[in-house]
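Notes for the one structure printed next.
Residue numbers run from 1 in the order of the sequence given.
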Amino acid sequence: MLRITGFPQHYAWGSHVRLPEFLGTSPSPEPLAELWFGAHELGSATTATGERLADLIATHPREYLGPSTRFMFGDRLPYLMKLIAPAAPLSLQVHPNKRQAEAGFSAEEEDGIGRSDPQRIYRDDNHKPELLYALTEFTLLAGFSVRRQVRELLDGLEVPLAYRLGRRLRLAAGRAMKPVVSWLLDPDSAPDRAEIDQFAQACSERLEAGRSPLPLLDSTVRYLAEAYPGDPGVIVAFLMNPVRLEPGEAIYLPPRTLHSYLDGFGLEVMANSDNVIRAGLTPKHIDRTQLVEVGQFDAHPPVRLAPEYPSEGIRRYYAPVEDFELSVVSLDAQTMPLLGTGPRLVICLQGSPTVMTRAGELELRRGECVFVTASEGPMLSSGTGVLAQCAVP
């Protein structure tokens, strides 16, 4: 087992206090948005001796990954686990599927765009399905609402943009939300700042008056308009599903799903990728054309994941992908096995439990993480606390 330290990401939307409080450290002088526990080339975790986990895996793939993981994914760890702490809205974004990622990565390599260039979209050739496990209340937007519901939500918004949006929804019947989103994001047709601000104000007024048919959506529109006044992404958000997760709940975001994290603290597990296509609500590079080409615009409800209970004290969250699964283990002065084999990441969420393999044992405190190589075989856990394990299914 290797104790590892997460790779910090200081994005503007991060919190100064949420991750430091969880880790038991002083507030961060700059926003600390994410800690990456994995082996992505652009943000690898490190061991106590300063070695990059990505380099160790590249040097010892057979020992670290095992034959089945190498057969499926080659000589790289197939997943990435993060602690994520948004204190402001993330960009309105999608992630590509595998075919799209391979094509986009190849094209940008041929164009000579550096992988760390802010203009770069495809930083690797992998897809990026995501699972989010809420550690606190967590709010987000995920996918599109059905057309009928959006038109009902427009009722009572007596502003010109609401009428125009309703008309566009009628004209786009049978073509999902793609024509409407394209209209909103096209600089030649997008509503101007005054129209967007007026629309958001109307949502806020009916919310304050107690007349909102969906308070979570109207409060989200107001929140986004305050953070990014005049951004057409505020109106795109009105077309989407607002989601509130309670601690312990999880959601799955398939590739191509438009989404935005808004506020909270959670554990995120995904395929080992950093491919992000942004369309708004961000100062970062935006490629609206690419988003419209890559995104999926059919209406569908958020994919909340119900846990399975393979044994007492263990909740297992399966996503419909082969790259990762998440297990959450609650210990109460007992010893129990951690399910799974192969390369695993285990992070402590509460208490100070101990993890054991035939190679030895380590006590973990909140926020501490270990990488367990495939060669170490089965694991046991003991003590009191909560552990989360990311593994290959």
Task: Between CZ on residue Arg304 and CD on residue Glu249, distance to nearest 0.5 Å - done: 5.5 Å

TODO: List the steps, then state whether side chain to side chain contact (heavy atoms under 4.5 Å, CB included) holds for Val392 with Glu325.
DONE: CA-CA 6 Å; Val392 181; Glu325 67 180 25; over 6 Å; no

Task: Leu23 reachable from Ile4 in the ILVMFWY side-chain graph, under 4.5 Å edges - done: yes

- [ ] Please check if atom CD in Glu322 has more than 12 non-hydrogen atoms from other residues, nucleotides or ligands closer than 6.0 Å.
- [x] no

- [ ] Indicate yes or no: at least one non-hydrogen side-chain atom of Leu157 is less than 4.5 angstrom from one of Leu165.
- [x] no

- [ ] Can you measure from CZ (Phe37) to CD (Glu268) and round to the nearest 0.5 angstrom?
- [x] 13.0 Å

Open item on the list: Within this structure, what is the CG-CG distance for the pair Leu77 and Asp75, rounded to the nearest 0.5 Å?
Closed with: 11.5 Å

Task: Derivation of the side chain to side chain donor-acceptor pair (under 3.5 Å) call for His40 and Asp274 - done: CA-CA 8 Å; His40 194 282; Asp274 191 32; 5.6 Å; no

TODO: For residues Tyr64 and Phe371, determine if any side-chain heavy atom of one lies less than 4.5 Å from a side-chain heavy atom of the other.
DONE: yes

- [ ] Could you check Arg120 against Glu109 for salt bridge (Lys or Arg N to Asp or Glu O under 4.0 Å), going step by step and ending with a plain yes or no?
- [x] CA-CA 10 Å; Arg120 181 91 184 212; Glu109 289 285 282; 3.0 Å; yes

TODO: Heavy atoms only: give me the nearest Ala202-Val159 pair and the separation to one decimal.
DONE: CB-CG1, 4.0 Å

Task: Atom CD of Glu246 with >12 non-hydrogen neighbours under 6.0 angstrom - done: yes

Task: Reported CZ-to-OG distance for the pair Arg344 and Ser327, which is rounded to 0.5 angstrom - done: 11.0 Å

Open item on the list: My understanding is that a hydrophobic cluster links ILVMFWY residues whose side chain heavy atoms are under 4.5 Å apart, including indirect links. Using that, what else belongs to the cluster containing Leu253?
Closed with: Phe7, Tyr11, Trp13, Trp36, Leu80, Ile84, Leu90, Leu132, Phe138, Leu140, Val243, Leu245, Ile251, Tyr261, Met270

Open item on the list: Could you go through Tyr122 and Glu102, starting from their C-alpha distance and side-chain angles, then the distance that decides it, and tell me whether this counts as side chain to side chain donor-acceptor pair (under 3.5 Å)?
Closed with: CA-CA 8 Å; Tyr122 297 95; Glu102 289 173 343; over 6 Å; no

Task: Least distance between heavy atoms, Ala142 atom then Met240 atom - done: N-CE, 4.2 Å

Open item on the list: Strictly below 4.0 Å, N to O, side chains only: are Glu41 and Arg115 in salt-bridge contact?
Closed with: no

Open item on the list: For residues 354-369, which residue pairs pass the salt bridge (Lys or Arg N to Asp or Glu O under 4.0 Å) check, not counting sequence neighbours?
Closed with: Arg3-Glu368, Glu363-Arg365

TODO: Applying salt bridge (Lys or Arg N to Asp or Glu O under 4.0 Å), run through Arg76 and Asp125 and close with a yes or a no.
DONE: CA-CA 12 Å; Arg76 64 181 178 185; Asp125 64 355; 3.3 Å; yes

TODO: Answer whether the closest heavy-atom distance between the side chains of Asp197 and Val234 falls below 4.5 Å.
DONE: no

Task: From CG (Leu267) to CG (Leu83), nearest 0.5 Å - done: 5.5 Å

Task: For Ser382 against Leu331, the heavy-atom pair lying closest together - done: O-CD1, 3.9 Å

TODO: Search all heavy atoms of His300 against all heavy atoms of Asn241 and return the closest pair with its distance.
DONE: O-ND2, 2.9 Å

Open item on the list: So which atom in Thr282 and which in Asp231 form the shortest heavy-atom distance, rounded to 0.1 Å?
Closed with: N-OD2, 4.4 Å

Task: Heavy-atom pair with the smallest gap, counting every atom of Leu184 and Pro191 - done: CD2-CD, 3.9 Å

